[in-house]
Each structure stands twice: as C-alpha cells, then as structure tokens.
Trainee: 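Would you mind keeping the following structure in view while I ask a few things?
Model, not experiment: these values are computed from the prediction.
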Amino acid sequence: MMPAPEDPQRDPRVDAFIAALPDWQQDICAQVRELVHAADPAVEETIKRTTQPYFVLDGNICALLAAKDHVNVFLYDGGIVPDPEGIITGGHENKSARTVAFTQGEAIPGQALTAMFRQIIADNRAGGWRKLKPGR
C-alpha cells in the first residue's frame with residue numbers, strides 16, 4: 001500500500017513546533033491550526049522569524065507564539081476585523097496585528113476565531129488590510 005501523500009498546506013516544521021510544547025499548549029495550537037485550515041482549505045503553513053508558525057493565504061492570517069503561561073495567536077488584520085465577541089486580548093493599538101491569548105484550560109471560541117480568520121482571508125484577497133484600512 002502506498003503511503004498517503006503529504007498535505008501540501010501543512011508544514012512538518014509546524015508539526016515539530018507544536019510537538020515540542022507542553023500538552024496543554026499543543027492542544028491549543030492544534031485547535032487553532034484546525035480552525036484556520038477550516039476557514040479556507042487553501043491556507044498554507046510556513047515558519048517565519050526562525051521558529052514561528054505562520055498561516056498564510058494571499059498574505060499573513062495569523063501566527064502562533066507559545067509563552068510560559070499562555071499561547072498567543074497573532075491576527076494580522078491591521079485592527080480592522082470586527083471583534084463582536086470581544087476575544088482580542090492585546091495589541092489594540094498595534095498597527096498590523098492584534099492578539100488573542102489562551103491560557104491552560106481555557107475554551108477556544110472556535111466560531112468567533114473562524115469568523116475572524118475568514119474576514120482576514122477575504123481582506124487579504126481584496127489587497128490586504130494596508131490597502132483596505134481607512135485613512136491609509
């Protein structure tokens with residue numbers, strides 16, 4: 001039997017990044033990874049800044065950063081994607097990205113995060129937040 005072909009949208013370096021984390025951080029990163037791929041099957045993974053997993057489609061969508069007591073999901077939206085459920089935890093004044101931080105045992109707001117990923121992807125396809133952001 002032939003082995004299954006590798007998924008071209010998944011990067012083994014991202015697998016390695018996630019596998020090296022404590023179990024609770026692996027769980028958060030795996031859930032976020034599934035949500036971003038569910039937002040659009042064409043999303044690709046890469047590593048930037050030496051070790052950071054990035055999810056891209058016509059531009060950056062998000063990146064993962066594991067800290068000691070939380071996992072940050074950086075949303076590359078230029079601050080223009082609506083956050084009706086108030087899941088953004090940081091970067092409100094940042095010009096390029098905002099963050100959602102998850103701690104051990106915290107539920108991932110899948111529906112809200114997926115909606116934000118879909119909007120970032122749509123904005124990327126329309127030229128990116130730099131083109132779309134009012135006042136730029």
Trainee: Measure from the side-chain N and O atoms of T89 to the backbone N and O of A101, and report whether any donor-acceptor pair falls under 3.5 Å.
Mentor: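 Here the side-chain-to-backbone pair exists.
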Trainee: Tell me every residue that passes ring pair (Phe, Tyr, Trp, His ring centres under 6.0 Å) with F74, counting only those two or more places apart in sequence or in another chain.
Mentor: none
Trainee: With sequence neighbours left out, write down each residue that passes salt bridge (Lys or Arg N to Asp or Glu O under 4.0 Å) with E85, or none if nothing qualifies.
Mentor: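 With sequence neighbours excluded, E85 shows a salt bridge (Lys or Arg N to Asp or Glu O under 4.0 Å) to no residue whatsoever.
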Trainee: Quick check: Y54 with Y76 (ring centres under 6.0 Å apart)?
Mentor: yes
Trainee: For a 4.5 angstrom cut-off between non-hydrogen side-chain atoms, does C29 reach F102?
Mentor: no
Trainee: What distance separates I88 CD1 from H92 NE2, expressed to the nearest 0.5 Å?
Mentor: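 Here the interatomic distance stands at 6.5 Å.
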Trainee: Quick check: does any side chain N or O of Q25 sit under 3.5 Å from a backbone N or O of A67, one acting as donor and the other as acceptor?
Mentor: yes
Trainee: Taking all atoms of both residues into account, what is the closest heavy-atom pair of R125 and A42, and its distance?
Mentor: NH2-CB, 4.4 Å
Trainee: Closest heavy-atom contact between L35 and G110?
Mentor: CD1-CA, 3.7 Å
Trainee: Tell me whether L113 shares a hydrophobic cluster with L65, the cluster being built from Ile, Leu, Val, Met, Phe, Trp, Tyr side chains joined at under 4.5 Å.
Mentor: no
Trainee: Is there a side chain to side chain contact (heavy atoms under 4.5 Å, CB included) between L75 and T99? Walk through the geometry before answering.
Mentor: CA-CA 6 Å; L75 302 172; T99 59; over 6 Å; no
Trainee: Has D83 got a side-chain atom pairing as donor or acceptor with I87's backbone, closer than 3.5 angstrom?
Mentor: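 Here the side-chain-to-backbone pair exists.
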Trainee: Considering non-hydrogen atoms only, spot the tightest contact between F117 and I61 and give its length.
Mentor: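 Smallest heavy-atom distance, with atoms named: CD2-CG2, 3.9 Å.
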Trainee: Rounded to the nearest 0.5 Å, what's the gap from NE2 on H70 to CD1 on I28? Could you check?
Mentor: 10.0 Å
Trainee: Does a side-chain N-to-carboxylate-O contact under 4.0 Å join D77 and K133?
Mentor: no
Trainee: Mark yes or no for whether Q26, through its side chain, and L21, through its backbone, hold a donor-acceptor pair below 3.5 Å.
Mentor: yes
Trainee: Which heavy atom of R13 sits nearest to which heavy atom of T46, and what is that distance?
Mentor: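 The pair with the smallest heavy-atom distance is NH2-OG1, 3.4 Å.
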Trainee: Check for me, please, whether V56 and F17 land in the same ILVMFWY cluster - side-chain distances under 4.5 Å, paths through other members count.
Mentor: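 Different hydrophobic clusters.
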Trainee: Between E44 (side chain) and R10 (backbone), is there a donor-acceptor pair under 3.5 Å?
Mentor: no
Trainee: Do you know which two heavy atoms are closest between R98 and I80, and how far apart they sit?
Mentor: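 Result for this residue pair: NH2-N, 4.3 Å.
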Trainee: When you measure from the side chain of D123 to the backbone of V81, do you find a donor-acceptor pair of N or O atoms at a distance under 3.5 Å?
Mentor: no
Trainee: Hey, could you give me the CG/CG distance between N72 and L64, rounded to the nearest 0.5 Å?
Mentor: 9.5 Å
Trainee: Roughly how far apart are D40 CG and I121 CD1, rounded to 0.5 Å?
Mentor: 4.5 Å
Trainee: State the CD-OG1 distance between Q119 and T114, to the nearest 0.5 angstrom.
Mentor: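 Between atom CD of Q119 and atom OG1 of T114 there are 13.5 Å.
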Trainee: Indicate yes or no: does D11 engage R33 in a salt bridge with an N to O separation below 4.0 Å.
Mentor: no
Trainee: Just so I know, are the side chains of C62 and N60 near enough to count as touching, which here means a heavy-atom distance under 4.5 Å?
Mentor: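 The answer is no; the side chains never approach within 4.5 Å.
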Trainee: Regarding E106 and T103, is there a side-chain donor-to-acceptor distance under 3.5 Å anywhere?
Mentor: yes
Trainee: Using distance alone, with no hydrogens and no angle criterion, decide if H37 and E45 have a side-chain donor and acceptor under 3.5 Å apart.
Mentor: yes
Trainee: Looking only at heavy atoms, what is the nearest atom pair of R130 and S96, with distance?
Mentor: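 That closest heavy-atom pairing would be NH2-CB, 4.5 Å.
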